[in-house]
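A note on names: the letters A, B, ... follow the listed sequences, proteins ahead of strands, and every chain is numbered from 1.
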Amino acid sequence: MNVMTTIPQPIISSTVHVNHYNQLLTTLSAASSLSHLKQVHARIIRLGLDRSNSLLIKLAVSACTLSSPSFDYALSAFYQMHNPEPHLSNKLLRELSRSIKPEKALLAYAKMREKGFVVDSFSLPPLLKASTRIPALSEGMELHGFATKLDFVSDPFVQTGLVAMYSACGHIEDARMMFDKMPERDVVAWNMMIDGYCGNGRYNDVLPLIEEMKRSDVKPDEKIFSTVVSACGRAGNLEFGKAFHEFITENKVVIDYNLQCSLVIMYAGCCSMDMAANIFKKLSPKNIVVSTAMITGYSKAGRIDDARLIFDQMTEKDLICWSAMISGYAERGQPQKALQLFDKMLTLGVKPDQVTMLSVISACASLGAVHNALKIQSYVDENRFSGVLPVNNALIDMYAKCGELDRAKQVFTRVHRRNVITWSSMIGAYAVHGDAINALDLFHEMKNQKTAPNEVTFVGLLYACSHAGLVEEGRKIFASMVNDYNLTPKREHYGCMVDLYGRANLLKEALEVIEQMPMAPNVVIWGSLMAACRIYNETELGEFAAKRVLELDPYHDGAHIFLSNIYAKGKKWENVGEIRKLMQNKGVVKQRGSSRIELDGEIHEFLTADKNHARVDEIYEKLDAVVSELEVAGYTPNMSCVLVDLDEDEKTKALLWHSEKLALCFGLLRRKRGSCIRIIKNLRVCEDCHNFMKLASKVYGIQIVVRDRTRFHRYEDGVCSCKDYW
DNA sequence: GTCGATACAT
């Protein structure tokens, strides 16, 4: 039915007018589409009511609140008005400022000034709100100037709006100046200022402000505590968060559901899981957001089983909580569980996003299993993630950590729009494979393509140099980092330099780096010097470094063992006894060696002297055979690698039962002809195993790839890719 | 007739 045809001709009578007017208002409120509004607009004109500004404003506001709003229609209706009263214009400004296009409010304002529409002090709050939401500093400042000129600036609502605007534009000091000038500050003004500090990361300014608020007559409400507590959580500021919790309790602020949620999320975000759990267990109902925060918190705190418990108790699961649980496993050294969970998620029909993929790829990287890596890449390619740069960057890293340098290179090549992470990942890939030449070449190519290197790029480059013994090149790279790229070296970079000099037997230079670095050396750096001293039998400096390690990490197994060996070599038996006793008292145990080998997509793990494998007899039999065959080729067990005090026979066994030798023998039993044997080890490869692998590669004509704690060794025809420099 | 409107997780 056509609305227009049913309308009688307007009869000029005030009663009829009022009737039409009210009817039109109701129709405007109910309008659900632009075409509907246009029909009503036509009726307004036909009825001769188009001089009614209040009707036209209602029309304009209705155009803004449609499910698919038309701001341009609203504005054109507005511009047709004749000097609308400011309280009507302000209605529209308010609507526009809250809409998805707050900039339309500023546009309307510009036109109002142009057309000479009257603006009053009530126009400013919505305009400032628009400037806050965009955020638009220069427009906001202009409004400030305008308000000052017309003396609207003494209005507390305008003042609060200015505080919000300056905070949102990052001008927190101006916000504070405005705030300080306010003669009367209500709870909203205080909240805006506090919120502003939180939004600008100025958490340390919040507490003093709350104290000041307490001293004034304004009582803080539970809403602002929710905001502040969650801000503490985001900043990981536990001390501050706790102080707030105490403040809340002491001041008997009502802890409502939302504040409870904020507290749980804050404690979980700060890894203070006992506190989080205390509140969480009382929380009812337990929503998905808080549960996810608990999962992440437990994961970060290393309590992955507790995280899983929460996960399993969730009645409703979304992509985010799946991703949180998966990345928890990936980051807490349980990559297999991460991958299992990913499979389960796919089975249940939950579609991963980029974030999930990055966790899963990093799980594959730490697992180091080629089979899984290939599976994940096909998933990436089949599900349109192959064009996503961060995913490709992660794939490069994954293949590098799986020992698949060529596949890493393939991914690198297919990425055309490379960013600094792409380049750094590939440089890092060459570095862990001991290929310093290609790492440096790639760096030059990167420079030619005008991609600026960052700190991570230089870690890769320095790492490559130190693992290849390129002392001079490393020195130059370090200097270039500072001089050409204006980057400030971090601990990692100094660590690489210590490593570079240490591995090259330039122990004096290594010590000088430590002495001259601007920050305190950490356990890794002293550990690196200690390791160098161990290689070059430098007992005096070694003892010194080991002691520094123990100061920083009293439970460091390697430093205890190293010291004990130094003393044993020097026949200082009393000191040896002391160290042993110390280890016993402190409960320091040597980290047990563990090696994984992947065969037919299955992963087998061996610990040192492992007797748990199903085919244990066969494996040890094979080990005896291999040892005999290698002895013919010149192998003699290198007893200096045994760090415990045992008799000769036991020492030999301890050496031969290193986990990577067991894994190798299992690989030799099960491998397919022509395939390469890949072993992933948790510790550094010892000299004896290194020699063992080299000889095995020659005697059996196979390629063996071993990933140890820090790098790859590729053994072929009796030679290792690390050139015995590791 | 005006300002904020709580938590929000990978």
What nucleic acid atoms does [X] come within less than 4.0 Å of, heavy atoms only: base, sugar-phosphate, or nothing?
X	result
A:Asn90	base
A:Arg98	sugar-phosphate
A:Ile288	base

Of all the nucleotides listed ([options]), which has the minimum atom distance to the side chain of [X]?
X	options	result
A:Asn258	B:dC3, B:dT6, B:dA9	B:dT6
A:Thr227	B:dT2, B:dG1, B:dT6	B:dT6
A:Asp120	B:dG1, B:dT2, B:dT10	B:dG1
A:Ile265	B:dC8, B:dT10, B:dC3	B:dC8
A:Phe157	B:dT2, B:dT6, B:dA9	B:dT2
A:His87	B:dT6, B:dT10, B:dG1	B:dG1

| task | Compare the ring of A:Phe122 with the six-membered ring in the base of B:dG1 and state whether they stack (centres under 5.5 Å, planes under 30°). | result | yes

Spacing of [X] atom [atom1] relative to [N] atom [atom2], expressed in whole Å:
X	N	atom1	atom2	answer
A:Leu263	B:dC8	CG	P	11 Å
A:Leu88	B:dG1	CG	P	13 Å
A:Asp155	B:dT2	CG	P	12 Å

| Taking DNA chain B as the partner, which of residues 303-328 of chain A come within under 4.0 angstrom of it by heavy atom? | A:Asp318, A:Ile320, A:Ser323, A:Ala324, A:Ser327

| NZ/NE/NH1/NH2 to OD/OE distance under 4.0 Å, A:Arg303 and A:Asp274 | yes

All ring pair (Phe, Tyr, Trp, His ring centres under 6.0 Å) counterparts of [X], not counting sequence neighbours:
X	result
A:Tyr267	A:His245
A:His171	none
A:Phe71	none

| remark: Here the ring-ring contact (aromatic ring centres under 6.0 Å, His included) pairs for residues 340-369 of chain A, sequence neighbours left out, are A:Phe342-A:Tyr379

| task | Return each pair, listed once, that meets ring-ring contact (aromatic ring centres under 6.0 Å, His included) where at least one residue sits in residues 208-234 of chain A; pairs must be two or more places apart or across chains. | result | A:Phe225-A:Phe247

| task | Please name the residue in the list A:Val290, A:Asp256, A:Val229 that meets the side chain to side chain contact (heavy atoms under 4.5 Å, CB included) test with A:Ser262. | result | A:Val229

| field | Distance test, side-chain N/O of A:Ser230 to OP1/OP2 of B:dA7, below 4.0 Å | value | yes

